[in-house]
Asker: 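This is the structure I want to talk about, given as structure tokens.
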There are 2 protein chains.
Amino acid sequence: MQGPRTVAEQVANVLREAIANGTIKAGTPLRQDELAEQFGFSRMPIRDALRQLEAEGIVSIHPTKGAQVARMDSAEISEIYALRELLESEALRLSVPGLAGAKLDEAEQVLDQIDAERNVGRWGALNRAFHLALYDACGNHRLLGLIEAHHNAADRYVRILLSNLDYRNRSQTEHRDLLAACRRRDGDKAISILRQHLREGSETLVSAIREDGLSRKS
Amino acid sequence: MQGPRTVAEQVANVLREAIANGTIKAGTPLRQDELAEQFGFSRMPIRDALRQLEAEGIVSIHPTKGAQVARMDSAEISEIYALRELLESEALRLSVPGLAGAKLDEAEQVLDQIDAERNVGRWGALNRAFHLALYDACGNHRLLGLIEAHHNAADRYVRILLSNLDYRNRSQTEHRDLLAACRRRDGDKAISILRQHLREGSETLVSAIREDGLSRKS
DNA sequence: GGATGTATACGGGCATACTTATATCCACAA
DNA sequence: TTGTGGATATAAGTATGCCCGTATACATCC
């Protein structure tokens with residue numbers, strides 16, 4: 001696993017993380033020369049990075065008008081969660097029968113790490129790692145790619161969720177139930193837990209966003 | 001609906017169509033200077049176009065090694081069709097209850113156009129238009145975007161299917177059955193027809209590719 | 001006073017030039 | 001003869017500069 005091969009990739013990674021952890025807020029205009037100066041590179045790799053992030057749905061680009069961090073209203077959050085439910089249920093259904101014990105142990109370790117982790121910034125990545133571990137045996141690379149893409153797109157909002165201790169505890173309980181169902185090879189039960197888990201996340205998030213007024217449109 | 005606003009978009013559109021209709025075959029290296037000279041522009045907009053196509057899954061880029069038309073083996077075709085089944089079933093389920101009569105009429109007109117159309121190159125676009133018309137009322141923009149993306153990715157292979165008269169006739173029969181079920185607001189029946197339709201397409205395509213030896217890996 | 005036209009500034013698209021990385025081939029040695 | 005090392009060529013990555021489209025503000029006309 002080698003690091004980023006081009007400057008554009010490095011820039012994309014830094015920007016992605018900055019957007020995910022809230023350092024750069026939704027709607028912020030991303031000017032090429034400004035970023036170029038900050039990163040110490042020219043505008044060209046920054047352009048490439050912005051295109052990459054646009055493809056991931058994190059940034060929106062309007063020709064001749066420039067790029068900005070994609071704004072998401074509650075409707076779009078709902079859409080993403082509806083898609084996550086669809087995609088991840090399918091991945092889980094395909095994966096459960098073939099899930100190796102080692103993968104399940106790996107997933108359990110991730111849950112323990114989440115409980116032990118004090119650094120807020122790590123929770124998002126660990127949360128994702130747990131979910132992806134369970135889907136690992138689904139056998140459809142594109143499906144996994146789509147799931148990862150949607151995690152990326154929603155990451156900065158998921159982190160809002162995870163900063164809430166109440167939600168985090170409930171979430172962990174559900175995670176362990178989910179893992180147990182997978183160990184029993186009870187795919188149907190696992191799926192129903194997952195769906196419930198995602199619905200709660202969606203509802204919690206939508207109401208949080210509505211009251212925080214983060215949903216102002218562009 | 002205005003045309004492409006930038007050179008990069010024009011280039012992307014031309015390349016996408018050329019790849020879809022087989023003018024540029026899978027595995028063909030896409031060199032920046034070469035394309036720049038052919039199109040009469042510099043490498044920069046070509047780079048942008050290639051990144052765009054990479055995001056769509058039509059082109060694969062390896063840093064410092066260049067871009068090539070993405071190769072797809074039969075396993076990947078199967079994956080895409082499995083995803084289409086998942087995504088389009090859901091879109092149809094959501095859309096059927098709210099489908100306006102006008103949209104259904106529009107879909108029917110598209111079917112008539114397919115029957116009348118003699119130009120092979122148009123079938124792909126018409127086929128897509130029919131399917132998308134039925135999903136129009138699903139209410140999830142991202143879902144529609146994903147469906148369109150998968151149509152794009154598989155387009156050049158779908159055209160292989162559609163050039164087969166036998167398949168085309170069967171396909172049209174299923175299309176009309178599907179439309180009828182939608183008119184009756186029978187979502188379950190519509191979905192089962194759609195799933196069958198896509199499974200047939202997948203199987204026909206996979207065997208066609210296997211015997212034509214188009215599945216050689218990179 | 002409101003609407004329409006015009007000037008100016010800002011910023012992104014595109015072109016050109018330079019740098020760096022990878023692959024290929026040939027020379028030389030084991 | 002084969003393998004390894006380095007030189008060279010090719011093509012992508014990156015830097016910089018210019019041009020043009022869009023926006024904002026101010027002026028002018030109805």
Side-chain angles (χ1 to χ4, degrees), chain A residues 1-19 24-71 216-218, chain B residues 1-19 24-71 216-218:
Chain A
M1 187 76 92
Q2 55 193 356
R5 303 306 301 151
T6 73
V7 172
E9 281 179 68
Q10 296 176 44
V11 172
N13 290 341
V14 173
L15 284 179
R16 189 184 1 258
E17 177 56 27
I19 292 170
I24 309 180
K25 290 187 287 291
T28 305
L30 300 168
R31 294 187 211 301
Q32 296 178 357
D33 21 16
E34 197 176 313
L35 293 171
E37 195 172 5
Q38 286 176 21
F39 280 100
F41 295 104
S42 77
R43 287 162 44 209
M44 222 40 63
I46 273 79
R47 277 172 65 81
D48 285 347
L50 291 176
R51 303 248 170 222
Q52 175 63 29
L53 295 175
E54 187 199 23
E56 296 175 22
I58 297 171
V59 156
S60 54
I61 298 181
H62 300 88
T64 77
K65 295 180 63 178
Q68 61 174 219
V69 179
R71 292 173 180 283
R216 65 191 182 286
K217 343 185 187 74
S218 58
Chain B
M1 186 77 92
Q2 55 194 357
R5 303 306 302 153
T6 73
V7 172
E9 281 179 69
Q10 297 175 44
V11 171
N13 289 341
V14 173
L15 285 179
R16 187 183 3 260
E17 177 57 27
I19 292 169
I24 309 179
K25 289 187 288 291
T28 305
L30 300 168
R31 298 191 208 297
Q32 297 178 359
D33 333 349
E34 199 176 310
L35 294 171
E37 194 173 7
Q38 285 176 20
F39 281 100
F41 295 104
S42 79
R43 284 167 50 210
M44 248 2 89
I46 273 79
R47 277 173 65 82
D48 285 347
L50 290 176
R51 303 243 170 225
Q52 174 63 29
L53 295 175
E54 187 198 23
E56 296 175 21
I58 297 171
V59 155
S60 54
I61 298 181
H62 299 88
T64 77
K65 295 180 63 177
Q68 60 173 219
V69 179
R71 292 174 181 282
R216 65 191 180 285
K217 351 184 183 71
S218 58

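Being a predicted model, the structure only gives us computed values, none of them experimental. Heavy atoms only: backbone and side chains are in, while hydrogens, waters and symmetry mates are out. Chain letters run A, B, ... following the sequence lines, proteins first and then strands; every chain starts at 1.
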Asker: Going from CD1 on I46(B) to CD on Q38(B), what distance comes out if it is rounded to the nearest 0.5 angstrom?
Answerer: 9.5 Å

Asker: Taking only residues two or more places apart in sequence, or in another chain, which ones meet T6(A) in a side-chain contact (heavy atoms from CB on, under 4.5 Å)?
Answerer: A8(A), E9(A), P63(B)

Asker: Anything under 3.5 Å between a donor and an acceptor, one on a side chain of residues 53-61 of chain B, the other on a protein residue two or more places apart or in another chain? List them.
Answerer:
from	atom 1	to	atom 2	distance (Å)
E56(B)	OE1	R16(B)	NH1	2.4
E56(B)	OE2	R16(B)	NH1	2.6
E56(B)	OE2	Q52(B)	NE2	2.9

Asker: Any idea which heavy atoms bring A26(A) and A70(A) closest together, and the distance?
Answerer: CB-O, 3.9 Å

Asker: Under a 4.0 Å heavy-atom cut-off, which of residues 59-66 of chain A touch DNA chain D?
Answerer: T64(A), K65(A)

Asker: So which atom in A49(B) and which in A12(B) form the shortest heavy-atom distance, rounded to 0.1 Å?
Answerer: CB-N, 3.7 Å

Asker: When you measure from every atom of DNA chain C, which of residues 29-40 of chain B have a heavy atom less than 4.0 Å away?
Answerer: none

Asker: Only counting residues at least two apart or in another chain, list the ones meeting salt bridge (Lys or Arg N to Asp or Glu O under 4.0 Å) with E17(B).
Answerer: R159(B)

Asker: Which two nucleotides bound the region of DNA chain C that has atoms under 4.0 Å from heavy atoms of chain A, read 5' to 3'?
Answerer: dG11(C) to dT22(C)

Asker: Name all pairs fulfilling the salt bridge (charged side-chain N to carboxylate O under 4.0 Å, His left out) condition that reach into residues 36-47 of chain A, sequence neighbours left out, sorted by first residue then second.
Answerer: R47(A)-D48(B)

Asker: Going 5' to 3' on DNA chain D, which nucleotide is the first and which the last to come under 4.0 Å of a heavy atom in chain A?
Answerer: dT14(D) to dA23(D)

Asker: L50(B) and L35(B): which non-hydrogen atoms are nearest, and at how many Å?
Answerer: CD2-CD1, 4.4 Å

Asker: Would a 4.5 Å heavy-atom cut-off, applied to side chains only, mark V7(A) and F39(A) as touching?
Answerer: no

